[in-house]
2 protein chains.
Amino acid sequence: MKEYKEATMLDIARELKVSKSTVSRALKDHPSIGKKTKKAIQDLAKKYNYHPNSIAYSLSKKSTKTIGVIVPLLSHYYFSTVISGIEELAYKSGYKVIICQSAESYDREVIVSQTLLSSKVDGLIVSISRETVNSDHFRLYQEKNIPIVFFDRVCADMEACSVTVDDYKGAFMAVEHLIKAGRRRIAHFAGPPLLQITQKRIEGYKDALFRYGIAFDGDLLIDCGAGLEQENGSLAAQEMLDRGVKPDAIFAICDPIAIGVMMTLKKNRINIPDEVAVVGFCDEPIARVVEPQLSSLVQPAFRIGETSIELLLQQIQGQDIIEKRVLTAELRIRESSSRRG
Amino acid sequence: MKEYKEATMLDIARELKVSKSTVSRALKDHPSIGKKTKKAIQDLAKKYNYHPNSIAYSLSKKSTKTIGVIVPLLSHYYFSTVISGIEELAYKSGYKVIICQSAESYDREVIVSQTLLSSKVDGLIVSISRETVNSDHFRLYQEKNIPIVFFDRVCADMEACSVTVDDYKGAFMAVEHLIKAGRRRIAHFAGPPLLQITQKRIEGYKDALFRYGIAFDGDLLIDCGAGLEQENGSLAAQEMLDRGVKPDAIFAICDPIAIGVMMTLKKNRINIPDEVAVVGFCDEPIARVVEPQLSSLVQPAFRIGETSIELLLQQIQGQDIIEKRVLTAELRIRESSSRRG
DNA sequence: TATGTTTACGCAACCGGTTGTTTAATCTAT
DNA sequence: ATAGATTAAACAACCGGTTGCGTAAACATA
């Protein structure tokens with residue numbers, strides 16, 4: 001393996017018998033450098049295929065032009081779409097993006113957040129893991145004046161920018177829709193209890209019932225346990241049926257749960273939507289593939305990503321803001337919750 | 001916004017009236033530093049919550065302990081699972097991971113690969129975009145002696161490590177399975193022509209037909225166009241039906257295409273699997289959700305990620321290897337290709 | 001011609017680490 | 001007591017950029 005040496009400013013400087021600082025200034029078109037000198041330096045840089053060493057740049061400028069992103073799981077369509085939104089604007093603004101997964105684990109989240117911290121990211125965008133209750137690892141960022149933006153799943157005990165969808169309203173709309181479709185015994189399959197979204201959606205569910213004069217029935221509020229996967233939905237649904245509870249509609253915390261529920265219903269030969277209507281949350285691509293197609297709340301994932309990075313960049317540029325943007329989810333009605341035949 | 005200043009080695013050195021180099025050595029337990037001095041330095045470092053500046057480290061050591069990953073899209077379950085495999089081993093070995101998407105665009109791929117290059121990643125793991133034919137942007141890495149490992153979608157014209165599944169064999173198995181299930185007119189919905197996987201799978205398809213004495217029929221080799229999305233499958237299938245071509249089985253380049261095909265078949269009231277059997281490739285979670293459940297080839301995505309990073313780390317540690325690992329896909333038979341009733 | 005202003009560039013410190021080489025102090029052996 | 005070996009720590013260069021400040025030469029003005 002032969003050694004390869006990158007061309008540096010010093011190399012160019014020596015060859016042209018000028019100083020390093022002149023090269024530095026010439027390359028960024030600084031006015032105090034003469035035209036011929038500038039031209040000569042730029043030409044030689046091109047010839048040597050010179051690229052500035054961004055490590056050195058970062059060290060002297062104390063900015064890495066890098067932002068960190070932590071999501072629970074990349075494999076969720078929602079999160080990867082948010083990331084695409086983040087990347088789009090980040091690249092346009094000259095920022096790189098480092099993406100990390102917490103894998104829904106608090107410990108892992110602490111580790112990656114420290115890794116990103118020591119990588120000197122200029123800012124952080126996070127959706128916390130379902131286990132996270134302590135936010136000390138994020139406080140470290142605030143202490144060092146590194147801006148943070150939370151999206152979707154926020155830390156309840158931190159004052160920071162956030163971008164969320166109106167979970168309360170979304171849940172309310174879903175339940176309202178079910179009521180207007182003639183349902184009365186509406187169950188809610190809830191998510192991990194620690195997450196704010198879980199609580200907000202439960203509130204929206206309850207309030208919609210109340211608004212339409214339907215009494216809340218504790219039997220119909222189902223806890224799916226820690227997971228947000230299909231299996232959790234299937235199991236919880238079977239358990240519910242085994243308990244003899246039979247709703248005429250189900251609003252699930254997210255699409256995978258909804259689909260798990262649907263599979264259990266079908267296995268039990270319960271017709272969807274005639275006997276039980278189902279509505280999910282997130283509108284993952286899978287919602288259009290199941291039969292019947294699943295009604296769901298569309299979260300503007302790309303927009304959430306864009307908004308997050310906007311807020312972050314504003315802070316990086318020195319604005320001292322704490323803004324909590326709330327976007328609205330949109331109800332997409334499909335076959336799984338249509339009116340009874 | 002009050003200024004925050006990280007503690008540096010110099011701060012510690014000054015307070016203890018020793019030199020910066022002594023601090024550096026004390027913190028890494030170098031033998032040439034006395035016990036008391038060492039203790040004092042380590043204690044003070046703890047007290048100040050000192051963390052080494054990894055930018056400075058990278059600059060002097062010329063290693064960022066970072067590896068770059070470029071995938072076409074994060075939103076594919078396959079890719080995000082591969083990434084999980086990569087991360088697992090990377091973190092264990094003290095490496096950070098920077099993930100980028102090419103968004104299936106050649107131009108974007110060039111940009112992100114240059115970004116990663118100037119970020120001085122110690123190595124690169126790539127699955128190329130479907131547009132990529134030119135690999136000059138990756139050659140730059142080789143020139144600078146930065147190791148690269150390709151997975152799944154490789155550059156045909158580069159000598160480099162790679163990790164792939166045996167596409168030929170996978171396709172062969174799928175088609176063989178269909179033949180053994182009593183099918184004779186087997187269509188193949190192929191992928192983007194530039195990708196090797198497309199070609200390999202076509203070969204496997206043809207050879208399996210040949211092996212069982214079935215003549216290849218050009219009408220049954222369907223081009224899905226540039227995309228690998230569901231819509232492409234749906235459209236191509238409808239077009240095929242409109243042309244009056246009616247196979248009794250379909251092997252699709254990937255699950256989304258297969259599912260698109262299934263949706264068109266259902267829309268045309270063609271029974272799956274009785275009239276037409278369907279097999280996909282990749283075994284995405286969606287395969288178990290469609291009805292009937294889709295037979296598919298399982299790619300060991302996590303394992304592919306692990307293998308890729310293994311090969312990369314070996315090269316980073318100085319081994320001059322060019323290994324092409326080929327893993328085997330496993331056929332998972334479900335309802336969509338079961339024997340005729 | 002003497003003075004003041006530009007113009008064009010060099011000098012050197014700095015960012016925060018790593019590391020080869022010296023040096024001073026202490027210890028060992030003769 | 002003194003030369004030689006050890007030990008403990010300092011010095012200083014280096015990684016590759018950025019930038020404030022200083023200054024010589026060229027030019028304009030009086």
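Just so we're on the same page: letters track the sequence lines, and every chain starts at 1.
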message = If I take atom CG in residue B:D29 and atom P in nucleotide D:dA8, what distance separates them, rounded to the nearest angstrom?
response = 13 Å
query = Counting just side-chain N and O atoms, does A:S32 come under 4.0 Å of either OP1 or OP2 of C:dC9?
reply = no
task = Taking all heavy atoms of A:S129 and all of A:E109, pick out the closest pair and write down the distance.
result = N-OE1, 2.7 Å
query = Are OP1 or OP2 of C:dC14 and a side-chain N or O of A:K62 less than 4.0 angstrom apart?
reply = no
query = Does the side chain of B:K20 get closer than 4.0 angstrom to OP1 or OP2 of D:dA12 through an N or O atom?
reply = no
query = What pairs with B:V121 under side chain to side chain contact (heavy atoms under 4.5 Å, CB included), at least two apart in sequence or on another chain?
reply = B:T66, B:L116, B:Y141
key: Distance-only donor-acceptor test (3.5 Å): side chain B:R25, base C:dG20   = yes
A:K39/A:D43 ion pair, N-O < 4.0 Å = yes
key: Separation of atom NZ in B:K65 from atom C1' in C:dT18, rounded to whole Å   = 15 Å
A:S60 side-chain N/O to C:dC15 phosphate OP1/OP2 under 4.0 Å = no
query = Rounded to the nearest Å, what distance is computed from the CG atom of residue B:N53 to the C1' atom of nucleotide C:dC15?
reply = 8 Å
task = Remember a base hit wins even if backbone is also touched, and classify B:K35 as base, sugar-phosphate or nothing at under 4.0 Å, heavy atoms.
result = nothing
message = What is the distance, to the nearest angstrom, from the OH atom on B:Y57 to the P atom on D:dG17?
response = 20 Å
query = Does any donor atom in the side chain of B:T22 or B:S19 lie under 3.5 Å from an acceptor atom in the other side chain?
reply = yes
ask   = Whole Å only: how far is the CG atom of B:L10 from the P atom of D:dA10?
value = 12 Å
ask   = When you check the gap from the basic side-chain N to the acidic O, do A:K65 and A:D122 get nearer than 4.0 Å?
value = no
request  = State whether the distance check finds a donor on one side and an acceptor on the other, under 3.5 Å, for side chain A:T8 versus base D:dC15.
outcome  = no
request  = Would you tell me if any nitrogen or oxygen in the side chain of B:T37 comes within less than 4.0 Å of OP1 or OP2 on D:dA9?
outcome  = yes
inquiry  = So A:K17, base contact, sugar-phosphate only, or nothing? Heavy-atom distance under 4.0 Å.
reply    = sugar-phosphate
ask   = How long is the line joining OH of A:Y50 and C1' of D:dG16, in whole Å?
value = 7 Å
message = I need the NZ-C1' distance between B:K38 and D:dA10, as an integer number of Å.
response = 17 Å
remark   = A:D11 CG to D:dC15 C1', in whole Å, measures 13 Å
